[in-house]
Amino acid sequence: MQNFHYQDNALYCEDVPLERIAKEYGTPCYVYSHTILVQHYRDFDQAFASIPHIIAYAMKANSNLSILRLMASEGSGADIVSGGELYRALEAGVAPDKIVFAGVGKSSDEIRYALESEILMFNVESSNELKVINDVAGTMGCKARVALRVNPDIDPKTHPYISTGLKKSKFGISADRALEEFRFATSLPHIDVVGVHKHIGSQLTEITPFVDALKKIVVLIEALKAEGMNIRYLNIGGGLGITYSTEIPPQPKDLADAVSPLLQNIGCQLIMEPGRVLVGNAGLLLTRVLYNKPTEVKQFVIVDAAMNDLIRPSLYEAHHDIWPIQKKSHAPVHNVDVVGPICESGDFMAKDRSLPAVNPGDLLAVMSAGAYAFTMASNYNSRPRVPEILVKDGECYVIREREQYQDLIRGESIPDFLRQL
Ligand code: LLP
């Protein structure tokens with residue numbers, strides 16, 4: 001769903017013109033639609049209504065406190081990958097008994113923090129991690145609930161950087177060794193093995209890899225149950241793709257229809273970790289044109305947003321549509337590179353893109369920027385991170401302020417021996 005629409009040639013977020021947002025809050029800034037966020041969550045939840053399930057929103061996609069709070073108020077839990085994410089989730093009011101903790105490198109401190117917070121479970125990625133969780137739980141005199149993340153060796157057919165379910169990836173425990181690892185886990189005194197987890201990659205645009213992976217996991221669960229293990233949860237991860245350009249990804253309902261027959265007889269509660277599909281198309285990055293720079297070989301449009309604000313194009317050569325905030329009739333269309341002010345050739349929002357001619361001062365929207373956008377932002381080139389604005393019922397809410405120059409040096413200090421210079 002897209003709730004960014006043109007009215008008299010001006011682009012709106014819900015019923016607020018983006019021009020007004022730029023005027024009030026400056027550019028660049030992220031803008032999110034409350035209606036779309038809620039709609040996406042409910043669509044997903046509804047699609048799985050007939051199956052008992054927990055949605056653990058993959059907060060790495062967008063971890064703003066208000067977005068988390070909104071998800072939690074709709075009933076969502078959280079899929080976390082760090083102590084910092086746990087802190088955010090708790091601050092936002094996410095119920096600890098709906099939090100699952102994934103990631104190959106959990107530290108003892110993070111494990112202790114999660115146990116103290118009484119999260120639902122750890123998604124464990126190796127036997128060495130199991131030992132550490134067992135030790136930490138032992139010192140605390142408790143048992144840690146865990147699922148083992150199994151790597152089903154299925155090609156999700158997505159960008160290699162966001163593909164996680166192949167044998168060569170660092171994630172999970174290989175399907176061949178899974179039974180052995182589960183036996184080991186059950187032998188540990190401070191571990192309670194409650195589930196199986198898988199997540200094969202992100203931005204999946206086909207349903208088959210989900211189904212193929214799940215088939216392998218179901219066979220495993222049957223084998224584990226045959227050995228007497230009390231497997232109560234099946235976590236199928238996230239990964240459902242969205243439309244950035246011309247992709248037609250499966251809808252949540254398609255996923256539900258495809259996986260539910262496989263879940264009928266296994267007697268597990270389903271956990272899912274959607275991220276991108278909930279927030280990706282609910283946000284855009286609003287940016288202003290600074291310069292046109294025609295050269296002998298190319299035409300550059302230089303904007304005030306850069307790779308530090310949105311790194312997806314640079315990192316994955318990801319496509320994000322770029323829409324003018326004010327459509328001009330009869331504007332000639334040019335083939336341009338839309339680039340930012342950062343001192344790197346890899347700093348671009350779009351390459352060889354056909355765009356209607358723009359002038360300095362014009363506003364552009366980089367679309368589908370609700371997921372893995374602000375969360376991957378940095379201060380590179382000492383650029384303050386940009387604000388995030390949530391639009392609801394005609395009102396704009398600043399859910400993160402623009403950073404100031406002072407924020408850039410927060411925590412830094414100059415030792416005395418350098419002060420004397
Ligand atoms: N669960 C686990 C264990 C994950 O690692 C991820 C994403 C998800 C769930 C959520 O996946 P989603 O539903 O959002 O596809 N920065 C990249 C995406 C990295 C995804 C990392 N893991 C990008 O901008 O495309």
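Hydrogens, waters and symmetry mates play no part in the numbers below; they use all other heavy atoms, side chains included. Note that ligands are numbered from 1 as they come in the structure, with each ligand's atoms numbered from 1 the same way. Since this is a predicted model, take the numbers as computed values, not measurements.
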> With sequence neighbours left out, what residues match Arg88 under salt bridge (charged side-chain N to carboxylate O under 4.0 Å, His left out)?
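Residues passing salt bridge (charged side-chain N to carboxylate O under 4.0 Å, His left out) with Arg88: none at all.
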
> What I want to know is whether Ala102 and ligand 1 share at least one N or O pair that is separated by under 3.5 angstrom.
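No - when backbone and side-chain N and O of Ala102 are compared with those of ligand 1, no distance drops under 3.5 Å.
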
> For the residue pair Gln203 and Tyr316, confirm or rule out a side-chain donor-acceptor distance under 3.5 Å.
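Looking only at side-chain atoms, Tyr316 and Gln203 do not form any donor-acceptor pair under 3.5 Å.
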
> Look at the aromatic rings of His5 and Tyr12 and report parallel, tilted or perpendicular, splitting at 30° and 60°.
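Ring orientation, 0 to 90° scale: parallel.
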
> Using a 4.0 Å heavy-atom cut-off, say whether Ser202 meets ligand 1 through its side chain, its backbone, both or neither.
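Contact part for Ser202 vs ligand 1: both backbone and side chain.
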
> Give the atom numbers and elements of ligand 1 that come within less than 4.0 Å of a heavy atom of Gly275.
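Answer, ordered by atom number: 12 (P), 13 (O), 14 (O).
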
> Which one holds for Asp79 and ligand 1: side chain close, backbone close, both close, or neither close, with close meaning a heavy atom under 4.0 Å?
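For Asp79, only side-chain atoms sit under 4.0 Å from ligand 1.
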
> Looking at Thr375 and Ala61, would you say the former's side chain and the latter's main chain have a donor-acceptor pair under 3.5 Å?
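The answer is yes, because a donor-acceptor pair under 3.5 Å joins these two groups.
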
> What residues, two or more places apart in sequence or in another chain, satisfy side chain to side chain donor-acceptor pair (under 3.5 Å) together with Asp45?
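Here the qualifying residues are His53.
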
> If you count the atoms of ligand 1 from 1 in the order shown, which ones are under 4.0 Å from a heavy atom of Pro274?
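Counting atoms of ligand 1 from 1, those under 4.0 Å from Pro274 are 13 (O).
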
> Which atoms of ligand 1 have any heavy atom of Tyr316 under 4.0 Å away?
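Close to Tyr316: 16 (N), 17 (C), 23 (C), 24 (O), 25 (O).
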
> Applying side chain to side chain contact (heavy atoms under 4.5 Å, CB included), run through Ile154 and Phe210 and close with a yes or a no.
CA-CA 9 Å; Ile154 296 285; Phe210 283 108; over 6 Å; no

> Which is it for His199 and ligand 1 at heavy atoms under 4.0 Å: side chain, backbone, both or neither?
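Looking at His199 and ligand 1, just side chain atoms fall under 4.0 Å.
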
> Going by the atom numbers of ligand 1, which of them fall below 4.0 Å from some non-hydrogen atom of Gly238?
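Contacts of ligand 1 toward Gly238, numbered from 1: 9 (C), 13 (O).
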
> Checking side chain to side chain contact (heavy atoms under 4.5 Å, CB included) between Ile399 and each of Ile67, Ile389, Leu65, which is the one that passes?
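Running side chain to side chain contact (heavy atoms under 4.5 Å, CB included) over Ile67, Ile389, Leu65 with Ile399 returns exactly one hit, Ile67.
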
> Check the pair Asp304, Thr287 against side-chain hydrogen bond (donor to acceptor under 3.5 Å, both in side chains), reporting the backbone distance first and the verdict last.
CA-CA 6 Å; Asp304 61 2; Thr287 182; 2.6 Å; yes

> When you measure from atom 22 (N) of ligand 1 to each heavy atom in Lys60, Arg312, Lys198, Gln203, which option holds the nearest one?
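Selected option, by shortest heavy-atom distance: Lys60.
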
> Considering the heavy atoms of Arg276, write down every atom of ligand 1 situated less than 4.0 Å from one of them.
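Selected atoms, number and element: 12 (P), 13 (O), 14 (O), 18 (C), 23 (C), 25 (O).
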
> Touching ligand 1 at all, Gly239? Heavy atoms, strictly under 4.0 Å?
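The answer is yes: ligand 1 sits under 4.0 Å from a heavy atom of Gly239.
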
> Who's closest to atom 2 (C) of ligand 1 heavy-atom-wise, of Met59, His197, Glu273?
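Answer by nearest heavy atom: Glu273.
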
> Contact between Gly237 and ligand 1, counting heavy atoms under 4.0 Å?
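Contact absent.
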
> If we count only N and O atoms by modelled type, under 3.5 Å, do the side chains of Asn64 and Tyr30 hold a donor and an acceptor together?
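On atom types as modelled, these side chains do not qualify, holding no pair under 3.5 Å.
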
> Which atoms of ligand 1 sit under 4.0 Å from any heavy atom of Ala58?
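Here the atoms of ligand 1 in question are 8 (C), 9 (C), 10 (C).
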
